[in-house]
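Whatever order the structure lists ligands and atoms in, that order sets their numbers, starting from 1.
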Amino acid sequence: MLDELLAAWISRQRWFGGKGRPIDELSIDSDVELTPGLRHLIVAVWQEGSRDRYQILLGERDDLPDRLAHALIGTVGDRKLYDAVHDSERMSWLLDGMARDETRSGLRMRHVPGVTIDTAPRSLVLGAEQSNTSLVYGDAYICKLFRRLIPGVNPELEIITALAARDAPHIAQPYGWIETDLDGTGTTLAIMQEFLTPANDGWDLALASVRDLYACLPQVPAGEAGGDFAAEALRLGNATARVHHELAAAFPTSVIEIHEVKRMAEGFRRRLGRAVAEVPELRQHVSAIEHAYHQVELLTNEVPVQRVHGDYHLGQVMRTPTDWIILDFEGEPGQPLAERRALSSPLRDVAGMLRSFDYAARHLLAGHPEADGLEPRAQEWADRNRAAFLDGYTEGGGVITPADAALLRAFELSKAVYEVVYEARNRPSWISIPLAAFRPRAT
Ligand SMILES: Nc1ncnc2c1ncn2[C@@H]1O[C@H](COP(=O)(O)OP(=O)(O)O)[C@@H](O)[C@H]1O
Ligand SMILES: O=P(O)(O)O[C@H]1O[C@H](CO)[C@@H](O[C@H]2O[C@H](CO)[C@@H](O)[C@H](O)[C@H]2O)[C@H](O)[C@H]1O
């Protein structure tokens with residue numbers, strides 16, 4: 001009964017990674033009471049022979065107040081069951097637990113040594129388009145609850161604690177975390193960090209700039225439009241290079257020898273093969289993409305690798321009054337943990353952000369009645385900000401040599417392939433944005 005209710009509910013959640021595929025079965029792997037009226041569930045969702053596990057904080061009440069009506073999952077007996085992340089009373093329990101380093105029903109709640117947690121703030125669920133669920137406590141903390149669980153320490157926790165220990169700039173301070181054992185392995189369930197305020201998401205800032213440019217009549221060059229973003233793109237490039245430097249200092253680094261570079265191209269091809277099988281629109285671009293991947297096989301230099309961000313885009317960076325802060329070092333949601341923690345070329349992150357400038361420029365064109373006329377403006381905005389970001393990256397000490405062009409292009413295309421699948425699953429009306437990346441271009 002509960003499993004059926006959860007299966008129907010989970011498939012509608014923004015953070016559910018298996019959208020677009022029917023759920024064959026949902027089973028409850030663990031169900032523990034944390035405190036009266038609050039249960040922690042780990043459920044296994046079976047789809048087309050594969051299993052993903054998710055965590056759910058399940059609230060139970062006899063009556064559901066109006067403020068929680070939208071969180072209702074269903075009624076079992078005379079109890080209302082609901083998504084407890086929306087219940088600030090129950091969510092105080094997590095904050096208290098981290099403040100006191102408590103362990104309850106197998107959940108270990110911890111704070112970063114030396115930090116004192118204020119337990120007074122009440123939580124609100126952040127309304128962001130997310131692969132997880134974030135609770136904001138007052139204007140002090142943001143606690144990200146990972147929805148899809150993968151056994152092991154989350155790379156984001158690993159990275160931000162290592163960078164904070166080095167007093168690295170451009171990160172949000174970590175304050176606490178929650179973990180449990182999954183398949184016998186300590187597994188991160190949540191991470192709590194400093195809540196940045198006032199601060200603006202890079203995506204929102206970039207879109208404001210693009211809107212300004214489109215609205216600017218008579219048309220002026222992007223650099224002369226009111227909301228030009230290039231100075232910010234430059235600063236962001238600079239911050240990115242500094243964080244790459246810190247990551248290289250905090251974790252081991254290595255190189256991919258020339259004879260192994262071929263394997264990188266094979267990795268790109270495997271992802272392409274899987275993507276084409278899922279999204280047939282990609283098929284017509286395969287030979288152009290393959291051509292770019294082949295250039296990687298012709299590289300004659302070894303490739304330096306290190307820990308990287310892994311899913312770098314404008315939605316992962318925030319501008320505070322003083323600086324750019326980089327968030328969400330957990331890699332691409334949906335990839336195996338080993339892949340997300342693997343050393344990679346920092347060019348992968350550079351490529352991710354370059355793609356994001358294209359996204360910001362093109363996102364307002366999808367469905368726009370004047371899309372054709374605005375297309376050159378979109379290209380101009382993207383080119384200008386991509387170039388500024390690259391300048392900032394090298395100014396900040398990042399290394400991009402002429403020989404890196406082939407690898408950077410391959411990373412960009414591989415990211416676009418990932419994005420096509422991501423959009424097909426999550427936002428089909430956006431799919432034209434990453435598909436535009438496969439058109440021939442000058443740079
Ligand atoms: N430390 C923070 N301070 C303020 N806002 C934050 C912070 N961390 C994340 N956010 C907001 O939450 C959004 C989603 O966060 P993110 O870590 O990218 O989650 P997800 O991995 O689920 O996408 C960000 O785009 C940003 O708007
Ligand atoms: O932020 P997440 O870790 O959940 O990342 C996933 O979702 C992103 C969308 O929210 C997605 O990013 C794509 O869309 C962005 C605009 O919404 C754009 O800035 C990015 O360049 C583009 O890749 C990301 O790929 C996905 O992993």
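- Of the options R148, R340, K415, R341, a salt bridge (Lys or Arg N to Asp or Glu O under 4.0 Å) to E332 is made by K415 and by none of the others.
- Contact analysis puts S131 in contact with ligand 1, with a non-hydrogen atom separation below 4.0 angstrom.
- Below 30°, between 30° and 60°, or above 60°: for Y214 and H368 the angle between ring planes is above 60°, a perpendicular geometry.
- Atoms of ligand 1 lying under 4.0 Å from at least one heavy atom of L126, given by number and element, are 11 (C), 12 (O), 13 (C).
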Given the rule in the side chain to side chain donor-acceptor pair (under 3.5 Å) test, do E423 and Y359 qualify, once you have shown the distances and angles that lead to the verdict?
CA-CA 12 Å; E423 300 303 356; Y359 248 79; 2.6 Å; yes
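- Comparing D328, N132, T133 by heavy-atom distance to atom 16 (P) of ligand 1, the nearest is D328.
- Counting only distance, with no hydrogens or angles, the side chain of N154 and the backbone of E330 share no donor-acceptor pair below 3.5 Å.
- A tilted orientation is assigned to the rings of W15 and Y54, their planes being inclined by 30° to 60°.
- Under 4.0 angstrom from ligand 2, there are no non-hydrogen atoms of E332.
- For atom 4 (C) of ligand 1, the nearest non-hydrogen atom from the set Y141, W15, F195, F146 belongs to F195.
- Rounded to the nearest 0.5 angstrom, W177 CH2 and L157 CG are separated by 6.5 Å.
- Only side-chain heavy atoms of D328 come within less than 4.0 Å of ligand 2; its backbone N, CA, C and O stay farther off.
- Ring-centre distance between H363 and W430: below the 6.0 Å cut-off.
- Here W430 has side-chain heavy atoms under 4.0 Å from ligand 2, and that is the only part of it that gets that close.
- The distance criterion of under 3.5 Å between nitrogen or oxygen atoms is met by S356 with respect to ligand 2.
- Residue contacts with ligand 2: Q316 is included, with a non-hydrogen atom under 4.0 Å away.
- Contact annotation: R427 has at least one heavy atom less than 4.0 Å from an atom of ligand 2.
- The ligand atoms of ligand 2 that sit less than 4.0 angstrom from a heavy atom of S131 are 2 (P), 4 (O).
- For the pair D201 and ligand 1, the shortest N or O to N or O distance falls below 3.5 Å.
- Checking E419, H313, E423 against atom 23 (O) of ligand 2, the nearest heavy atom belongs to E419.
- Ligand 1 lies nowhere less than 4.0 angstrom from a heavy atom belonging to S134.
- When each atom of ligand 1 is checked for a heavy atom of Q316 under 4.0 Å away, the hits are 18 (O).
- Of all the atoms in ligand 1, the ones that sit under 4.0 Å from a non-hydrogen atom of I142 are 1 (N), 2 (C), 6 (C), 7 (C), 8 (N), 9 (C), 10 (N).
- Interface of G315 with ligand 1, defined as ligand atoms under 4.0 Å from a residue heavy atom, comprises 24 (C), 25 (O).
- S92 and R122 form a side-chain donor-acceptor contact under 3.5 Å, judged by distance and modelled atom types alone.
- Residue Y418 places at least one N or O, backbone or side chain, under 3.5 Å from an N or O of ligand 2.
- Of all atoms in ligand 1, listed by their number and element, those nearer than 4.0 Å to a heavy atom of M318 are 4 (C), 5 (N), 6 (C), 26 (C).
- Comment: R362 engages E375 in a salt bridge, judged by a side-chain N to carboxylate O separation of less than 4.0 angstrom.
- Here is the list of ligand 1 atoms found below 4.0 Å of a heavy atom in E330: 21 (O).
- Between the side chains of R147 and S131, no donor-acceptor pair of N or O atoms lies under 3.5 Å.
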Would you sort out whether Q13 and D83 count as a side chain to side chain donor-acceptor pair (under 3.5 Å), showing the intermediate values?
CA-CA 11 Å; Q13 303 310 302; D83 185 8; over 6 Å; no
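- Cation-pi geometry between R307 and F251 is satisfied (NZ or CZ under 6.0 Å from the ring centre, within 45° of the ring normal).
- Counting only residues at least two apart or on different chains, the ring-ring contact (aromatic ring centres under 6.0 Å, His included) pairs with a member in residues 135-154 are Y141-Y175.
- Ligand 1 has no N or O atom lying under 3.5 Å from any N or O atom of A172, backbone or side chain.
- Screening residues 243-253 for side-chain hydrogen bond (donor to acceptor under 3.5 Å, both in side chains) gives R166-E246, H244-D349, H244-Y393 as the qualifying pairs, with residues at least two apart or on separate chains.
- With distances taken over non-hydrogen atoms, the option nearest atom 15 (C) of ligand 2 out of F357, Y359, Y312, Y422 is Y359.
- Between D311 and ligand 2, an N or O atom pair is found at a separation short of 3.5 Å.
- Within the structure, the closest approach of K144 to ligand 1 falls below 4.0 Å when heavy atoms are considered.
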